[in-house]
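Encoded as structure tokens, the structure appears first; notes follow it.
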Amino acid sequence: MDPFRLILSNNLEHFEGINTELERALSSRVGLIEDIGSHSLLGHGKRLRPLLFVLSCQLCGYEGEDSYLLSTIFELIHTASLLHDDVLDNADVRRKKPSANHLWGNQAAVLEGDFLCLKSSSIALGTNNLTFLKRVIEATTQMTEGQIMELTYTHNWNTSPDEYMEIITYKTAVLLSVACACGAILSGAGPEVEDSLSRFGLNLGIAFQLIDDLLDYTSSQEEFGKPVGKDLREGKITLPLIYTVKGLQRSERERLENLFRNGHAGQEDYDDLIALVISKGGIEKIRNRAKSYVDKAALSLNFFPDSAPKKNLLELNQYIIERTY
Ligand code: FPP
Ligand code: MG
């Protein structure tokens, strides 16, 4: 069974609440904003970040009525970042569909990203909670730092595992972390609770990106919803390639580096390098590394007594390493 089905069936009410609020958040006097927003945001997506927020609120005993509305903050930021990311990457496909930049052009896609990002800030402002707002804005800023860091390491075959880990922590994991931490903040929980949830989200988020980068080599476009080998084509040096490069003779490594860096590589070269990464890229090692982050995340929930939201958070955490798309 598709592991996501379990998550969906155990959180149906939350998915409905989140989707209703997302639809509302898209409303604009400008039709094109709604069209691009619906295409990019509605009817698909795993809603991982809003779900983490809603479950964290429940875990902390939040009794207010705003958890679905506020959960959209994290999906709006995420979708805005993907709109910008697809422009940066010149990507044609996102979530099994043509990307927004492909359909409407770069300018409209960037502006839509701006709209969604700012919409998330006005929703966050509605909490009148400066700590909440500060965490959201800090996370968004850090995502940009991660993305810029990634840009500076493009085609850099000397990227170390530590540098790679720093990039994925900032560009991906901090948003998942803050979605969890904000559940604690909104509920008025103390710093220890906030810290436990923050660490839970951070470790889960690191595992999420490790698996994302693994699937980029090992999955198929039909399953993954975006082209396989996309990172390599974009000059992104992710952990599977970093491990592969480490095991190569210097001359072979320099030959490959030049071939791919200078844009001289043809389809066959890409296929060969993907095959090499699959055979030598420590795929199992990376899966185990992701698993260790998932285990670390689970440990930070030890702090909480058993409850339904805790069980759902742990299932979501487990799903991260079982997912195939
Ligand atoms: C997708 O990763 C992209 C991110 C995780 C972060 C993108 C962040 C920004 C563009 C900066 C922040 C901007 C805003 C508007 C908040 P990926 O490229 O590894 O995944 P992919 O293969 O799905 O493209
Ligand atoms: Mg990308």
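Every number for a ligand or one of its atoms is a count from 1 in the order of the listing.
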For H84, the atoms of ligand 1 under 4.0 Å from one of its heavy atoms are 10 (C), 15 (C)
ask   = Mind checking whether D85 has an N or O less than 3.5 Å away from an N or O of ligand 1?
value = yes
Correct closest heavy-atom pair for R199 and S300 would be NH1-CB, 3.6 Å
- [ ] Establish, yes or no, whether the cationic atom of K46 lies under 6.0 Å from the six-membered ring centre of F4 and within 45° of the ring axis.
- [x] no
Of T144, D213, L215, the one whose closest heavy atom lies nearest atom 12 (C) of ligand 1 is T144
Is the charged tip of R323 near the ring of F208: under 6.0 Å from the six-membered ring centre and within 45° of its axis? yes
Salt-bridge contact K230-D216 (side-chain N to carboxylate O under 4.0 Å)
no
- prompt: Has Q209 got any heavy atom lying under 4.0 angstrom from an atom of ligand 1?
  reply: yes
If the contact criterion is a heavy-atom separation under 4.0 Å, does H78 count as touching ligand 1? no
Quiz item: Looking only at side chains, do N158 and R253 share a donor and an acceptor under 3.5 Å apart?
Solution: yes
R94 heavy atoms within 4.0 Å reach ligand 1 at atoms 21 (P), 23 (O), 24 (O)
For F115, the ring pair (Phe, Tyr, Trp, His ring centres under 6.0 Å) test, sequence neighbours excluded, returns none
- Does some side-chain heavy atom of L248 sit less than 4.5 Å from a side-chain heavy atom of L276? yes
Residue set satisfying side chain to side chain contact (heavy atoms under 4.5 Å, CB included) with A124, at least two apart, ordered chain then number -> I73, F132, L133
Residues N101 and A91: closest non-hydrogen pair is ND2-O, 2.9 Å
A student checking ligand 1 against T140 at a 4.0 Å heavy-atom cut-off should list atoms 16 (C)
Of R24, E21, H14, the one forming a side-chain hydrogen bond (donor to acceptor under 3.5 Å, both in side chains) with Y68 is H14
Residues 169-182, side-chain donor-acceptor partners within the protein, below 3.5 Å, at least two apart:
residue	atom	partner	partner atom	Å
T169	OG1	M165	O	2.6
K171	NZ	E150	OE2	2.7
T172	OG1	Q209	OE1	2.7
S177	OG	S198	O	2.8
S177	OG	S198	OG	3.1

For K230, the atoms of ligand 1 under 4.0 Å from one of its heavy atoms are 21 (P), 22 (O), 24 (O)
With heavy atoms and a 4.0 Å threshold, my read on which part of K171 contacts ligand 1 is both
Note on the Mg ion (ligand 2): protein N/O/S atoms within less than 2.8 Å are D85 OD2, D89 OD2
Review point. Are any of the heavy atoms in E150 under 4.0 Å away from ligand 1?
Key: no
If we number the atoms of ligand 1 from 1 as shown, the ones under 4.0 Å from a heavy atom of T172 are 5 (C)
